[in-house]
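This report refers to the structure that appears directly beneath it.
Residue numbering restarts at 1 for every chain, and letters A, B, ... go by the order of the sequence lines. Computation of the quantities below employed the complete heavy-atom set of this structure, encompassing side-chain atoms and omitting hydrogens, waters and symmetry-equivalent molecules.
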There are 2 protein chains.
Amino acid sequence: MPRSGAKTRDTIIVAANTLFYRFGIKATSLDAIAERAGVTKRTVYYHFRSKDDLIAEYLATRDQPNLEAFQAWFEQARGTLPERVRAIFDGVAETIGHARWRGCGFQRTVGELANKPGHPAFKVASAHKKRVESWLAYEFQQRGVPHPEDIACQVTLLLEGAFAAMLMHRDRRYVTQAGNAAACIVGHSLSGRSR
Amino acid sequence: MPRSGAKTRDTIIVAANTLFYRFGIKATSLDAIAERAGVTKRTVYYHFRSKDDLIAEYLATRDQPNLEAFQAWFEQARGTLPERVRAIFDGVAETIGHARWRGCGFQRTVGELANKPGHPAFKVASAHKKRVESWLAYEFQQRGVPHPEDIACQVTLLLEGAFAAMLMHRDRRYVTQAGNAAACIVGHSLSGRSR
DNA sequence: GTCTATAAGCCGATAGAC
DNA sequence: GTCTATCGGCTTATAGAC
């Protein structure tokens, strides 16, 4: 029985999301995605031009939720600005405790596609990370941080490092240290000796 | 004509090194490695138990050269300790300018194998990163940096972040910012307000 | 130690029916 | 919009000759 097109399409993306993130891009076949979505492979090809198309769509659905998670951790935190920045890393540390956590999906996807810089997923991943960075720069600028773009960039670098190190070592202390470093940098900038 | 066993083995590892790094782990077949090494696939299986075995050996050959590159950039730099730490990031920025640069091989490999935490390549990658971290901690401790292990950890987190961000954005300014942040953290620790 | 040959199965993508 | 069926090619790994 034909379902609504949008519904089937979403079901496929949800299945792709789970499998791409869990097993990786190359290791996940369209057969497996179709089976998990409860449709045939032919239906997947009706809704998506190719596997590469589906990869980019998978990442696109993670953009907004990930950004909102960072924003929620920051907004719900109390204390000074450095303490609230550290709260973002504390939030990340919590998600990492989940059994299904397997690093940053954006980072792992561009890592697999490193030899295809023109791949559509690259643009999606880069744009997502820049959205996070721009949001941080805005928050810092609103609170009188000098060179807010530079500080925001440095904090995002520590976030990237935390994701990578956590996946490699499976040791939550790396996220704690990244949060310490971020708080140090933000606090340092506020005390008037930026850069 | 049979060559020396060690020589054939090395030839295979060199070919694997090139292809695994350029195209990724899953995207590289043993057929391609054998062809590039100028041997048959059967010979590859004579020297290595499996593809997983070869992956771990590939990363193991990158451990020492990568560490030595970091050490050379640090040792050849002049100026204060923060400036010499920044020189490491300047060195990384140079390698990134190369056309064949495709991120950190350790990071990309564990990213692809994220669902196999028991894979031998995981241990090799983790051990390599910890060697870099331990070396930095030693250098910091020798120069009177308080909490040298913490500062070394934070600098390696910035290195990881620089690798990931550079691959994603292909913008060298991320490495510069990472170097700025690292120099800031090291300088801050020396001025007596560590952590 | 290295070869030829092949097993046994999975891959992305497409043809054509309904 | 979704199905069944299949193409041509690639994958890891192994058998057995020399």
A/Y46 side-chain N/O to D/dT2 phosphate OP1/OP2 under 4.0 Å: no
B/K41 NZ to D/dT14 P, straight-line distance once rounded to whole Å: 12 Å
Among C/dT14, D/dT12, D/dG16, the one nearest B/R42 by side-chain distance: D/dG16
Protein-nucleotide distance (A/Y45, atom OH; D/dC3, atom P), rounded to Å: 15 Å
Protein-nucleotide distance (B/F48, atom CZ; D/dT14, atom P), rounded to Å: 16 Å
A/F23 CZ - C/dC10 P separation (whole Å): 15 Å
Integer-rounded Å distance: C/dT2 C1' and B/R9 CZ: 16 Å
A/Y21 backbone acceptor or donor facing A/R108 side chain under 3.5 Å: yes
Salt bridge A/E139-A/R84, side-chain N to carboxylate O under 4.0 Å: no
Mutual orientation of the aromatic rings belonging to B/F70 and B/F163 [parallel < 30°, tilted 30-60°, perpendicular > 60°]: tilted
d(NZ, B/K26; P, C/dG12) in whole Å: 10 Å
Listed nucleotide nearest any side-chain atom of B/S29, set D/dT11, D/dG1, D/dA13: D/dT11
Phosphate contact (C/dT2 OP1 or OP2) by B/T8 side-chain N/O below 4.0 Å: yes
Gap between atoms CD1 and P, on A/I25 and C/dG12 respectively (whole Å): 11 Å
Value in whole Å for how far the P atom of D/dG9 lies from CG of A/D31: 19 Å
Atom pair CG (A/N180) and CG (B/D150), whose distance is rounded to the nearest 0.5 Å: 7.0 Å
Shortest side-chain distance from A/H47, nucleotide among D/dT14, C/dA13, D/dT2: D/dT2
C/dT2 phosphate, OP1 or OP2, under 4.0 Å from B/T40 side-chain N/O: no
OP1 or OP2 of C/dC3 under 4.0 Å from side-chain N/O of B/T43: yes
A/R62 CZ to A/F20 CZ distance, which is reported to the nearest 0.5 Å: 14.5 Å
